[in-house]
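Heads up: the structure comes next, in structure tokens.
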Amino acid sequence: MRRSTKLGASRRKFLTKGALGIGATALVGVAAQDEAAAQRITKWDRSADVVIAGAGASGLCAAIMARDQGASVIIVEQNHDIGGHAMVSGGRIPLGGGTRLQKKFGIVDSADQVYLDHTDFHNLELRYSDHDLVRVWADENAATFDFLLDNGVQFDEVMPTLVNEGTVPRLFRTKVYSSDLKVTINGSPGSGLVRALEKSARAKGVEILLRHSLTRIVRDDRSGPAFAEASAGKRVQGIVAKIDNKEVSIEARRGFIIATGGFTSNVAFRRMFDPRLTEEYQVAGEPWSKQNADGEMLAMALGASLWGTSNVASEHGRSVTKTRHIGARYGYENLRWDPGSPMFPQVGGAGLTVKSYQDLICVNQFGKRFWNELDDTYGFLNACLGRHDPDAKAKKLNGGGPIWAIFDADSVRREEWEPKPPNVDPNGFFFMADTIAELARKIANPYQAAPMPPRTLEETVAKYNSYVDAGKDPEFGRPGLMFKVQKPPFYAAWATPILHDALAGLRINGRCEVLDVRGQVIPGLYCAGESAGGFALHGLPRVTVFGRIAGREAAHARKQA
Ligand SMILES: Cc1cc2nc3c(=O)[nH]c(=O)nc-3n(C[C@H](O)[C@H](O)[C@H](O)COP(=O)(O)OP(=O)(O)OC[C@H]3O[C@@H](n4cnc5c(N)ncnc54)[C@H](O)[C@@H]3O)c2cc1C
């Protein structure tokens with residue numbers, strides 16, 4: 001039966017609108033204790049043993065696992081559909097330790113070997129990981145892969161391959177769920193993971209509330225003011241989620257799991273780790289699903305700690321990547337948006353897939369080359385993000401601003417591009433002109449700090465063409481100079497690097513309980529997925545394992561009185 005939300009008496013005095021609507025801002029000047037009492041929820045709209053925010057890869061694993069332990073489960077999901085980034089992912093899941101599929105292909109593996117492979121200090125991507133978490137993760141690899149199989153996830157049954165951090169073949173790929181783009185969103189293999197998990201979760205009785213955004217974590221306030229005694233035994237009791245403009249309070253009798261998927265979409269938050277990551281950097285997986293750091297911020301307001309923060313700027317792994325699909329806003333290397341996708345009106349363009357960066361030059365927003373375009377390392381990315389440029393001084397910049405690929409009609413022929421919609425997005429991300437100067441004048445994009453000076457772009461192209469004649473790039477040492485930019489029409493295509501993984505997040509222990517800044521457990525609060533920090537492993541293997549652990553542990557937590 002649906003129960004109504006009741007507020008503490010002191011809270012009611014301060015409210016001017018909505019049941020729970022305005023939160024702490026309306027309470028400025030009120031003593032912390034009053035605020036705590038004011039935020040108390042004495043009657044919940046809904047109640048479940050385990051409540052989860054986020055129906056992506058980690059949230060769905062958590063939900064099924066909790067349900068398998070007999071817990072009732074509600075997931076709140078902000079989007080109009082499940083899946084998160086995992087829906088549009090490549091579905092590559094390197095889990096090992098002796099999975100059923102590894103055995104089928106005669107591969108011998110063990111949890112110890114998985115652990116050793118992921119704690120090798122030569123691996124700069126994983127060097128700064130919390131080894132306690134890696135150990136737990138390694139021990140749960142095989143069980144998690146088999147759990148995915150048991151819950152209907154299908155993999156391409158071909159001999160698995162090695163990945164960077166492996167001495168044993170572990171990489172299997174999920175099968176695309178359906179040929180219907182409305183179901184898969186973009187036809188990506190990751191749909192085979194999340195749709196299968198969704199089906200299993202629903203069949204087992206997990207309730208998924210779509211379009212519900214987590215807006216508040218409610219904690220037991222009986223033992224004192226909110227932040228000062230952050231972890232002093234005060235238990236998370238439930239959450240408030242918003243649908244349209246209404247708020248719904250949901251009690252979490254055993255535990256609440258944050259599975260909101262990380263922070264890369266939140267500019268202020270991501271700049272805590274790297275101040276250069278200003279707004280021009282787009283995020284792979286958007287506009288389908290966002291990583292707004294909601295879970296992290298709400299937990300931090302309860303005193304939660306972040307963990308493994310250096311991983312974001314370690315310059316290894318996929319915090320930032322060079323784009324492969326140019327001329328469109330969301331040009332991530334492994335995601336080309338299909339014009340038939342229901343998301344396409346928001347995507348704007350699929351992008352021109354670059355076969356060889358020999359076919360173009362890259363310039364910054366001032367029309368200057370800044371690095372060897374053929375370089376795929378963090379050398380190139382660092383130059384994009386903030387190479388010193390005298391013109392930048394006056395512009396109050398932090399990140400390096402837009403990067404534009406400049407090319408000509410011959411490049412188009414060689415690359416076999418069709419430089420028109422839907423392949424490119426002419427609304428600010430792709431331009432064409434008969435002269436270089438006109439091209440510079442046409443570039444109008446919200447992230448340009450100032451118009452590109454036509455003269456500078458002309459000089460840049462002329463200089464580059466002279467390097468091709470000389471067979472040498474004295475400025476940036478680009479090898480094998482092959483083609484001039486000389487035949488009209490000329491093109492400018494968005495080629496700004498894109499952000500990918502959130503490689504840091506909330507501090508958790510091996511049971512996925514969230515810890516506060518003093519290293520104490522915040523009772524009743526769990527986290528998994530990209531919102532959890534401490535282990536900089538890319539993607540699905542990390543988030544599925546910890547999702548499953550979080551669901552199991554929350555389901556077995558003591559029920560609150
Ligand atoms: C294009 C692309 C390709 C990738 N390919 C691979 C790959 O091949 N292999 C691999 O291992 N990894 C891959 N990844 C990474 C992988 O998809 C992610 O690491 C993984 O999906 C993260 O899981 P998660 O559960 O933490 O977040 P997500 O799967 O993103 O799910 C988080 C969910 O939380 C929801 N949410 C956010 N805020 C709120 C809120 N306030 N209230 C309620 N709900 C909220 C979101 O809408 C989302 O549905 C890829 C990612 C992308 C974008």
Side-chain angles (χ1 to χ4, degrees), residues 51-63 74-95 163 170-174 185-186 188-194 197-198 208-217 239-243 248 250 256-266 282-299 317-318 321 324-325 330-337 498-503 505-506 527-533 536-548 550:
V51 177
I52 300 167
S58 59
L60 288 167
C61 288
I74 293 177
I75 309 183
V76 294
E77 166 54 55
Q78 180 171 79
N79 211 348
H80 61 273
D81 198 350
I82 63 101
H85 276 202
M87 176 72 89
V88 294
S89 77
R92 284 177 289 267
I93 311 187
L95 285 169
V163 286
R170 298 184 180 122
L171 177 55
F172 286 98
R173 188 173 192 162
T174 52
I185 305 305
N186 199 50
S188 305
S191 65
L193 173 70
V194 284
L197 293 178
E198 177 194 15
I208 304 176
L209 305 179
L210 298 174
R211 295 193 174 87
H212 281 65
S213 277
L214 168 71
T215 53
R216 184 149 77 89
I217 300 174
I239 62 159
V240 175
K242 214 171 196 177
I243 171 160
V248 181
I250 308 175
F256 166 58
I257 302 172
I258 293 170
T260 45
F263 61 77
T264 51
S265 304
N266 184 325
Q282 308 300 304
V283 178
E286 285 190 21
W288 161 246
S289 117
K290 291 204 163 196
Q291 301 194 322
N292 279 329
D294 292 348
E296 288 87 325
M297 291 195 296
L298 291 171
R318 296 192 184 172
T321 71
R324 182 59 63 188
H325 306 296
Y330 304 102
Y332 173 59
E333 58 177 343
N334 292 332
L335 175 65
R336 187 165 192 270
W337 280 100
I498 189 160
L499 307 183
H500 193 317
D501 285 344
L503 291 177
L506 295 172
C527 178
E530 284 194 40
S531 290
L537 185 69
H538 168 63
L540 299 169
R542 170 165 68 108
V543 311
T544 50
V545 169
F546 285 113
R548 191 173 148 272

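Values in this document were obtained by computation on a predicted structure and should not be read as measured data. One-based numbering, in listed order, for ligands and for the atoms of each.
Here is the list of ligand 1 atoms found below 4.0 Å of a heavy atom in Ser58: 24 (P), 25 (O), 26 (O). Residue-ligand proximity, His212 to ligand 1, at heavy-atom distances under 4.0 Å covers atoms 42 (N), 43 (C). Those atoms of ligand 1 that come under 4.0 Å of a heavy atom in Gly83, given as number and element, are 29 (O).
Residue Arg92 holds the heavy atom nearest to atom 7 (C) of ligand 1 of all those in Arg92, Glu286, Lys242. For atom 35 (C) of ligand 1, the nearest non-hydrogen atom from the set His500, Lys290, Glu77, Gln78 belongs to Glu77. The residue from His85, Glu530, His538 that puts a heavy atom closest to atom 18 (C) of ligand 1 is Glu530. When the options Ile498, Thr260, Val88, Leu503 are ranked by their closest heavy atom to atom 39 (C) of ligand 1, first place goes to Thr260.
Residue, atom and distance of the protein heavy atom nearest to atom 21 (O) of ligand 1 are Ala86 N, 3.1 Å. Annotation: atom 17 (O) of ligand 1 to nearest protein heavy atom, Ser89 CB, 3.4 Å. The single protein non-hydrogen atom nearest to atom 16 (C) of ligand 1 is Leu540 CD2, 3.8 Å, given as residue, atom name and distance. Nearest to atom 5 (N) of ligand 1 among the protein's heavy atoms is Gly90 N, 2.9 Å. Among protein heavy atoms, the minimum distance from atom 42 (N) of ligand 1 is reached at Leu214 N, 2.8 Å. Considering only non-hydrogen protein atoms, atom 32 (C) of ligand 1 sits nearest to Ala259 O, 3.5 Å. Protein heavy atom in closest approach to atom 41 (N) of ligand 1: Asp294 OD2, 2.6 Å. In this structure, atom 34 (O) of ligand 1 lies nearest to the protein heavy atom Gly54 CA, 3.3 Å.
Atoms CG and OG, on Asn186 and Ser89 in that order, are 11.0 Å from each other to the nearest 0.5 Å.
At a threshold of 4.5 Å between non-hydrogen side-chain atoms, the residues Trp288 and Asn79 count as touching. Within the 4.5 Å cutoff, the side chain of Glu286 has no heavy atoms near those of the Thr264 side chain. Between Glu77 and Leu210 the shortest side-chain heavy-atom distance falls below 4.5 Å. Put simply, the side chain of Phe256 does not reach to within 4.5 Å of the side chain of Ile250, judged on heavy atoms. Looking only at side-chain heavy atoms (C-beta outward), Met87 and Ile82 come within less than 4.5 Å of each other.
Residue contact check for ligand 1: Met87 places no non-hydrogen atom closer than 4.0 Å to it. Remark: distances from the non-hydrogen atoms of Gly262 to ligand 1 are all 4.0 Å or more. The closest approach between Val76 and ligand 1 falls below 4.0 Å for a heavy atom of the residue.
Scored by the side-chain contact (heavy atoms from CB on, under 4.5 Å) test, His212 finds Val76, Leu209, Ala241, Ile243, Val248 as partners (sequence neighbours excluded). Judged as a side-chain contact (heavy atoms from CB on, under 4.5 Å), and not counting sequence neighbours, the contacts of Ala57 are Ala86, Leu193, Leu540, Val543.
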Yes or no on side-chain contact (heavy atoms from CB on, under 4.5 Å) for Glu530 and Arg542, after CA distance, side-chain angles and deciding distance? CA-CA 8 Å; Glu530 284 194 40; Arg542 170 165 68 108; 3.9 Å; yes

Using side-chain contact (heavy atoms from CB on, under 4.5 Å), reason through Gln78 and Asp294 one step at a time and then give a plain yes or no. CA-CA 11 Å; Gln78 180 171 79; Asp294 292 348; 3.3 Å; yes

